[in-house]
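Following: one structure in structure tokens, then a few remarks.
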Amino acid sequence: MQRFTDLLPLERMHGAWSNGAIVGGAGAFPFSLTVPGGELPTAGVTVVGVLPTHRRRGVLRSLMRAQLDDAHERGEPLAALWASEESIYGRFGYGLASFCGEITLAREYTSFAQPFEPQGTLRLIESAEAQEAIPPVFKRIRPAWPGMFSRSKAWWENREIADPEERRDGAGPKRWVVYERDGSIEGYAAYRHKPGFEAGTTNAELRVVEALGTSPEALRDLWAYLLAVDWVATVRSYLLPPDHPLFLLLATPRRMRYRMGDGIWIRPVNVGAALSGRTYSTDGSIVFDVADEFCPWNEGRWTLDGGRAERSQDGPELLLPVQSLGSALLGGVSFAALQRAGMVVELKAGAINRADALFRWDRHPWCPEIF
Ligand SMILES: CC(C)(COP(=O)(O)OP(=O)(O)OC[C@H]1O[C@@H](n2cnc3c(N)ncnc32)[C@H](O)[C@@H]1OP(=O)(O)O)[C@@H](O)C(=O)NCCC(=O)NCCS
């Protein structure tokens, strides 16, 4: 509770009341979320819950109503969340916008496909140094990666550096390692050991909490370090994007036993501002006809042209519910894939390809942390 109350502005928490008692709640962190080529103010939806005594009578629906109206009034073009269950949020206009997965890699399969010379040096640091040294590195990395969100100083202290026992899930304290080149920190990793020894050999786990680098070499060298720590039987990590370089770096990537699921979900709160807030991969235009029952101010036709979206009377080319736009916005789900799932209708031949050329980005969205 303390962890959330320290970070969540009180005015961003909605409560549902019945006979003077709170029976449900929903909060929103005020984030800035990286979108392709830019960033947008975003309601980072969190701590959604309804008491079991009051479930399935519309409490969540009323909370979503209040929360999205509030985000709209505040001028946040997007809302984003991690869903506890995939079935809950589509009805409120959230679309699955990224995929991510966990790996469980046995230490004997950590060889790289190609030999390479590590470029930098690694240094273990204490959390006090991490608190000062790591945030500026993350700040440099974040703009390139759609799906990453801003972390305030308090967020760093409370969520990343603080390491209470109950968040360790049976493993040891967080270790911080930095990767340096020419005296500059160009990457870092946070990880934990879960030590163990059985029948004369190690059965320990190394859990990578977060590993990020400012360059491909930095990320590669960090992982080379993480995968080579002694006395480890298994390396585990979570929330890795499906285009993570490890798939191409490792000699036997299947051995990661990658298990993919949904990552963050995106809800365009203001379709015009959301579409205008990112950069596009080509010139060109497209006319959307958007259905949005829950936030009717978004309904109707929008022309995206020259990177800006405006209300329009042009003939619609793609017909879609707002959650499909949420899925496509960060470039993580293509319009072609949405079409195959019946989530967008092509009204003008070629419009799907044109939209995909516009929305494509150089990497899959990556949100490295569940909020
Ligand atoms: C999920 C939860 C918040 C739903 O609250 P609720 O007040 O029962 O939801 P509502 O009555 O407002 O339901 C709104 C709609 O969502 C549907 N719905 C609600 N929970 C659902 C679930 N878990 N799976 C599928 N559909 C669900 C309802 O059937 C209803 O559908 P309708 O629009 O067709 O009528 C509540 O059950 C809960 O607290 N669960 C445990 C905590 C949790 O999972 N929180 C989410 C964190 S991301």
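Remember, it's 1-based here, ligands and their atoms both numbered in the order they're listed.
For Val59, heavy-atom contacts with ligand 1 shorter than 4.0 Å involve the backbone as well as the side chain. By the criterion of a heavy-atom distance under 4.0 Å, the backbone of Arg57, and not its side chain, is placed next to ligand 1. In Glu85, the part holding a heavy atom less than 4.0 Å from any atom of ligand 1 is the side chain. Contacts with ligand 1 closer than 4.0 Å are made by side-chain heavy atoms of Tyr89 only, the backbone lying farther away.
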Practice task
Output, in order, the C-alpha distance, side-chain angles, deciding distance and verdict of salt bridge (Lys or Arg N to Asp or Glu O under 4.0 Å) for Asp169 and Arg192.
Solution key: CA-CA 10 Å; Asp169 194 20; Arg192 299 179 192 284; over 6 Å; no
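Nearest protein heavy-atom contact of atom 1 (C) of ligand 1 is Ile88 CD1, 3.7 Å. Ranking the protein heavy atoms by distance from atom 28 (C) of ligand 1 puts Arg56 CD, 4.2 Å first. Scanning all protein heavy atoms for the shortest distance to atom 25 (C) of ligand 1 gives Ser87 OG, 3.3 Å. Distance from atom 30 (C) of ligand 1 to its nearest protein heavy atom, with residue and atom name: Arg91 NH1, 3.9 Å. Distance from atom 7 (O) of ligand 1 to its nearest protein heavy atom, with residue and atom name: Leu60 N, 3.0 Å. The single protein non-hydrogen atom nearest to atom 33 (O) of ligand 1 is Arg61 NH2, 2.7 Å, given as residue, atom name and distance. Taking atom 14 (C) of ligand 1 as the reference point, the nearest protein heavy-atom neighbour is Phe92 CZ, 4.1 Å.
Ligand 1 has an N or O atom lying under 3.5 Å from an N or O atom of Val50, backbone or side chain. Considering both main-chain and side-chain atoms, His54 never comes within under 3.5 Å of ligand 1 through any nitrogen or oxygen pair. Of the N or O atoms in Arg55, none lie within a sub-3.5 Å distance of an N or O in ligand 1. When only interatomic distances are considered, the shortest N/O to N/O separation between Gly58 and ligand 1 falls below 3.5 Å. At under 3.5 Å, a nitrogen or oxygen of Val48, whether backbone or side chain, sits near a nitrogen or oxygen of ligand 1.
Using modelled atom types and a 3.5 Å distance limit, the side chains of Glu186 and Thr214 yield a donor-acceptor pair. Of the N and O atoms on the side chains of Tyr179 and Gln119, not one donor lies less than 3.5 Å from an acceptor on the other residue. Side-chain contact check for Trp155 and Glu369: at least one donor-acceptor pair (N or O, by modelled atom type) lies under 3.5 Å. Inspection of the Ser32 and Ser150 side chains reveals no N or O donor paired with an N or O acceptor under 3.5 Å. Under 3.5 Å, the side chains of Thr34 and Glu39 contain no donor-acceptor pair of N or O atoms.
Numbered from 1 in the order shown, with element, the atoms of ligand 1 that lie under 4.0 Å from a heavy atom of Gly49 read 39 (O). Close approach of ligand 1 to Trp82 (heavy-atom distance below 4.0 Å) involves ligand atoms 48 (S). Remark: ligand 1 atoms within the under-4.0 Å shell around heavy atoms of Ser84 are 43 (C), 44 (O), 45 (N), 46 (C), 47 (C), 48 (S).
Side-chain heavy atoms closer than 4.5 Å link hydrophobic residues (I, L, V, M, F, W, Y) into clusters, and following such links, even through other members, never connects Val345 to Phe359. Side-chain heavy atoms closer than 4.5 Å link hydrophobic residues (I, L, V, M, F, W, Y) into clusters, and following such links, even through other members, never connects Phe29 to Leu10. In the hydrophobic clustering of this structure, Val209 does not group with Leu122; members are Ile, Leu, Val, Met, Phe, Trp, Tyr whose side-chain heavy atoms approach within less than 4.5 Å, directly or through other members. No path of Ile, Leu, Val, Met, Phe, Trp and Tyr side chains, each step under 4.5 Å between heavy atoms, connects Val229 with Phe197, placing them in separate hydrophobic clusters.
When all heavy atoms of Ala83 and Tyr89 are compared, the pair lying nearest together is CB-CD1, 3.9 Å.
Distance remark: protein heavy atom present below 4.0 angstrom from atom 23 (N) of ligand 1. For atom 40 (N) of ligand 1, the nearest protein heavy atom is 4.0 Å or more away.
Taking a cutoff of 4.0 Å between a charged side-chain nitrogen and a carboxylate oxygen, Arg123 and Glu129 qualify as a salt bridge.
Cation-pi contact between Arg65 and Phe294: present, with separation from the ring centre below 6.0 Å and deviation from the ring axis of at most 45°.
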